[in-house]
Colleague: 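Questions regarding the structure given below will be posed in turn.
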There are 2 protein chains.
Amino acid sequence: MPGKHDERQKLGSPRAARRRTTIDDVAKLAGVSRQTVSRAINDKGEIDPATKERVLEATRTLGYRPSRFAQGMRRQDSVTLGLVISDLSNPYFAEVAVAVLEVAEERGWHVIVCDSRNDEGKEQEALDVLSRQADAIIGHCSSPDDMLARHAPGMPLVLLERGVDQTRFGSVGIDTEAGMQQAFAHLTGAGHRRIGMLDGAPDDRPSARREHFLAQVRLYDLPVGPDWVVSCDRHSVSAGERGMDALLDAHPDVTAVVGFNDLIAVGAIRTARRRGLRVPDDVAVLGFDGLALGELVEPPLTTLSIDKRELGRLAVEQVAAQLSADEKPAAEGDARVRPELVLRASA
Amino acid sequence: MPGKHDERQKLGSPRAARRRTTIDDVAKLAGVSRQTVSRAINDKGEIDPATKERVLEATRTLGYRPSRFAQGMRRQDSVTLGLVISDLSNPYFAEVAVAVLEVAEERGWHVIVCDSRNDEGKEQEALDVLSRQADAIIGHCSSPDDMLARHAPGMPLVLLERGVDQTRFGSVGIDTEAGMQQAFAHLTGAGHRRIGMLDGAPDDRPSARREHFLAQVRLYDLPVGPDWVVSCDRHSVSAGERGMDALLDAHPDVTAVVGFNDLIAVGAIRTARRRGLRVPDDVAVLGFDGLALGELVEPPLTTLSIDKRELGRLAVEQVAAQLSADEKPAAEGDARVRPELVLRASA
DNA sequence: AACGATCACGTGAACGTTCACGGAATGGGC
DNA sequence: GCCCATTCCGTGAACGTTCACGTGATCGTT
């Protein structure tokens, strides 16, 4: 393989002298000192316009770019935020990411994004990385508290939509209870009594949405029990389709279904229609998230809409608070955003 | 408010001496030298297990975390990639981001994400930031070459889906021509002769998709001219709805429409149906992207599907190439990914 | 002519970590 | 008793930048 050998040769000779071009190289070429170069590239004063131009010219010919590490070491500003998203393919999380990105950018923060792909192992890896590379972390994390403490020791941490189990970290949650109240007021008002749910979490670790769903069931004294909620193994349309099949098999007389999120609810609609059921006449379907997607399906999805902007904004604000008063998090942070029921045709 | 006052006091006194806890602090507490601390936290050998534990204990009580800047300065590894996305809310771009994230993670790279929100100004700001904070940039950039060179001087840069105008940077494009060939083979095969297009770019800077659309029109000698393509001002469903209205107003006899992307195509379907047209019987609609969303709408969307994974992978690989052989980009890089026509009901 | 002010620029020192050394113990072999 | 190997640990010196100073010039003022 002579080609490969050549390549090695060609790469080898300059690599020996391969060294980052530093500010001193520029200084030497321009015939000035480091400090003057620094003044030129940072638009400080106290420099002759002519020399400034000469210096900048030198940086160009050398292709000089300051080392972000050396720079970050001196000026202590520069905040970078770690963002752990469980699934960027899910439009809901994408929207949350957009919100965080936008608010962080306003503050001049950089954001390193990790997609944990709904895997607790990947989630912990992400935390490991981010605890080295970021100054604070925001994320949807499903690992238990002590695991988080182990993988992000001493980091300012804000959890998004943590379940019923409290956390000792900062968090911004969703007022699921208020949401379910609106949902049940609407559904029972329309005469529904047999209401099922498609949860997005396994039975052994039920979601807050399920808990509050069941609380409402009890409150309205509905003739349905915990077996009226079936759990979907993923947060996707196809998982929702399968879940709806299971639910309809178990309880063919169900008249309304609330989904863990919009994707699952869309799956429910599809399964219902595939089985010849009319939505909402035979079975009403209600989602949770407020995705743009909900307007596009047939029929349009009634849903509990979450203000993702607000969610992101609150999270970043809470990080900022932890960052400035970096004593204990003090458990002060526990913001909540309240879902809003947007009525469309599906329920 | 005595509580608040207390807090201030408590914060004030240590703040004067507010200084990052360094490796030396840990060393002092553990009664060892810096180097031994370094050995302990980096799992190097040459350290007594007992002292190692003592050191780690010290790091815990002090809440010590090594400075990523100082660390990055010594070990020269650590690559961070900048990713400029034009709109993370668009599922297509979200999918591309996921792909880049995933492949970058395999290499142990960190990714800083910026959403330019389809704004050239924001895009340039993002480049400014990333050229300081990253080692290379991947992105959907609409700014002209010289502008890119100005805002990311000397950076390895890989452009995603650059239009017809060539670029001097690395790029991974989409074989729009092959895609349009498939589209027209299918549409003309079904007897369509009056085919319109909803472009996603303004008339004065038409997209590659439009160019190749028109090329196919000429190739098949169809009785339609450039005025059969109307440009949508945004890449959204609602923009597609408006565009379709305009197209139908101008050419009520159109029998098939190809959208710049899936979102616009979905808008076209909605407008068509709102106007009482049956899809695909009265008018066929064809998308471009291959979003999961396309399966959910009514009727399901026929589309030219792009392999976003592949796109992301090629981009990262090209960055890696530029990063290792950091002589000139040499214009070697010009990968392309070929769309695949997936047939559903809409066309 | 002497003085202070302003301008343009240079010199050490720091930031916090890791690397290349070197050195002091300890243990075992003859 | 010596020698060598091994284990454990510490000491300067770097990495590349910016900050706090200091130093000559130049200019106008009294």
Side-chain angles (χ1 to χ4, degrees), chain A residues 15-59 62-80 131-135 154, chain B residues 17-59 62-80 131-135 153-154 326:
Chain A
R15 183 183 315 154
R18 201 92 217 121
R19 196 181 54 87
R20 192 190 175 87
T21 72
T22 87
I23 199 174
D24 285 301
D25 300 328
V26 179
K28 198 182 303 172
L29 179 59
V32 294
S33 72
R34 294 173 309 212
Q35 180 61 16
T36 303
V37 177
S38 178
R39 278 191 268 256
I41 60 182
N42 292 343
D43 279 317
K44 297 287 176 77
E46 306 197 359
I47 186 174
D48 188 298
T51 37
K52 178 168 178 176
E53 184 46 47
R54 188 154 39 94
V55 168
L56 292 180
E57 178 60 29
T59 69
L62 289 180
Y64 166 74
R65 280 183 309 124
S67 150
R68 66 172 180 281
F69 295 121
Q71 244 170 351
M73 207 155 151
R74 292 297 330 217
R75 10 214 256 220
Q76 298 292 49
D77 48 7
S78 163
V79 175
T80 111
S131 61
R132 299 177 186 281
Q133 297 300 326
D135 302 302
Chain B
R18 202 90 216 125
R19 195 182 56 85
R20 192 190 175 88
T21 71
T22 86
I23 199 173
D24 285 301
D25 301 326
V26 179
K28 199 182 302 172
L29 178 59
V32 294
S33 72
R34 295 175 308 213
Q35 180 60 16
T36 303
V37 177
S38 178
R39 278 191 267 257
I41 60 182
N42 292 343
D43 280 318
K44 298 288 176 75
E46 307 197 358
I47 187 173
D48 188 298
T51 38
K52 178 169 177 175
E53 184 45 47
R54 188 155 38 93
V55 168
L56 291 181
E57 178 60 30
T59 68
L62 289 180
Y64 166 74
R65 281 184 309 125
S67 150
R68 66 172 180 281
F69 295 120
Q71 241 168 355
M73 204 154 154
R74 292 298 329 216
R75 11 212 256 216
Q76 297 293 49
D77 48 8
S78 164
V79 175
T80 110
S131 61
R132 299 178 185 281
Q133 297 301 325
D135 303 303
D326 48 3

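Letters A, B, ... are given to chains in the order of the sequence lines, protein chains preceding strands, and every chain is numbered from 1.
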Colleague: It should be established whether Ser33(A) places a side-chain nitrogen or oxygen under 4.0 Å from OP1 or OP2 of nucleotide dC9(C).
Modeller: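 It does not, given that no N or O in the side chain of Ser33(A) lies less than 4.0 Å from OP1 or OP2 of dC9(C).
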Colleague: Can you check the Met73(A) CE to dT17(C) C1' distance for me, whole Å?
Modeller: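 Interatomic distance, CE of Met73(A) to C1' of dT17(C): 6 Å.
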Colleague: Identify which nucleotide among dG16(C), dC9(C), dT18(C) has an atom closest to any side-chain atom of Thr36(A), counting heavy atoms from C-beta outward.
Modeller: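 Closest nucleotide to the Thr36(A) side chain: dC9(C).
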Colleague: Which nucleotide in the list dT18(D), dG16(D), dA13(D) gets nearest to the side chain of Ser67(A)?
Modeller: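 Nearest to the side-chain atoms of Ser67(A), counting from C-beta on, is dG16(D).
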Colleague: Would you please confirm or rule out a distance under 4.0 Å between OP1 or OP2 of dC9(D) and any side-chain N or O of Thr51(B)?
Modeller: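 Yes, within the criterion.
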Colleague: Any N or O donor-acceptor pair under 3.5 Å from the base of dT18(C) to the side chain of Arg74(B)?
Modeller: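 Checked by distance alone, the answer is yes.
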Colleague: With a non-hydrogen cut-off below 4.0 angstrom, is Lys44(A) in contact with a base, only sugar-phosphate, or nothing?
Modeller: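 Sugar-phosphate contact only - Lys44(A) comes under 4.0 Å of backbone atoms but never of a base.
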Colleague: Counting only distance, no hydrogens or angles, is the base of dG12(C) paired donor-acceptor with the side chain of Arg34(A) under 3.5 Å?
Modeller: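 Flag set: donor-acceptor pair detected.
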Colleague: Counting only side-chain N and O atoms of Gln76(B), is one of them less than 4.0 Å from OP1 or OP2 of dC15(D)?
Modeller: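 Checking dC15(D) against Gln76(B), no side-chain N or O comes under 4.0 Å of OP1 or OP2.
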Colleague: Name the nucleic acid region contacted by Gln35(B), choosing base, sugar-phosphate or nothing; use a 4.0 angstrom heavy-atom cut-off, strictly under.
Modeller: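 If one applies the 4.0 Å heavy-atom cut-off, Gln35(B) turns out to touch a base.
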Colleague: Is it true that, when you exclude Arg65(B) itself, more than 12 heavy atoms of the residues, nucleotides or ligands shown sit nearer than 6.0 Å to its CZ?
Modeller: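 Enclosed.
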Colleague: Without decimals, in angstroms, what is the distance between Ile41(A) CD1 and dC19(D) P?
Modeller: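 My rounded result for the distance is 11 Å.
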Colleague: Please state whether the base of dA8(C) and the side chain of Arg39(A) form at least one donor-acceptor pair under 3.5 Å?
Modeller: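 Check fails, no donor-acceptor contact within cut-off.
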Colleague: Given dT18(C), dG16(C), dT18(D), which nucleotide is nearest the side-chain atoms of Arg75(A)?
Modeller: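 Side chain of Arg75(A) sits closest to dT18(D).
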Colleague: Looking only at the side chain of Asn42(A) (C-beta and beyond, no hydrogens), which of the listed nucleotides dC9(C), dT18(D), dC9(D) gets closest?
Modeller: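 Of the candidates, dT18(D) comes closest.
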Colleague: Kindly say whether Ala30(A) contributes a backbone atom to a donor-acceptor pair with the side chain of Arg54(A) at under 3.5 angstrom?
Modeller: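 Present.
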Colleague: Charged N to carboxylate O under 4.0 angstrom, Asp25(B) versus Arg20(B)?
Modeller: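 Judged by the 4.0 Å cut-off on N to carboxylate O distance, Asp25(B) and Arg20(B) do not form a salt bridge.
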Colleague: Base, sugar-phosphate alone, or nothing: which one does Glu46(B) contact when heavy atoms must sit under 4.0 Å apart?
Modeller: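 Counting heavy atoms under 4.0 Å across all strands, the contact made by Glu46(B) includes a base.
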Colleague: It should be established whether Ser38(A) places a side-chain nitrogen or oxygen under 4.0 Å from OP1 or OP2 of nucleotide dT18(D).
Modeller: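 Yes, such a contact exists.
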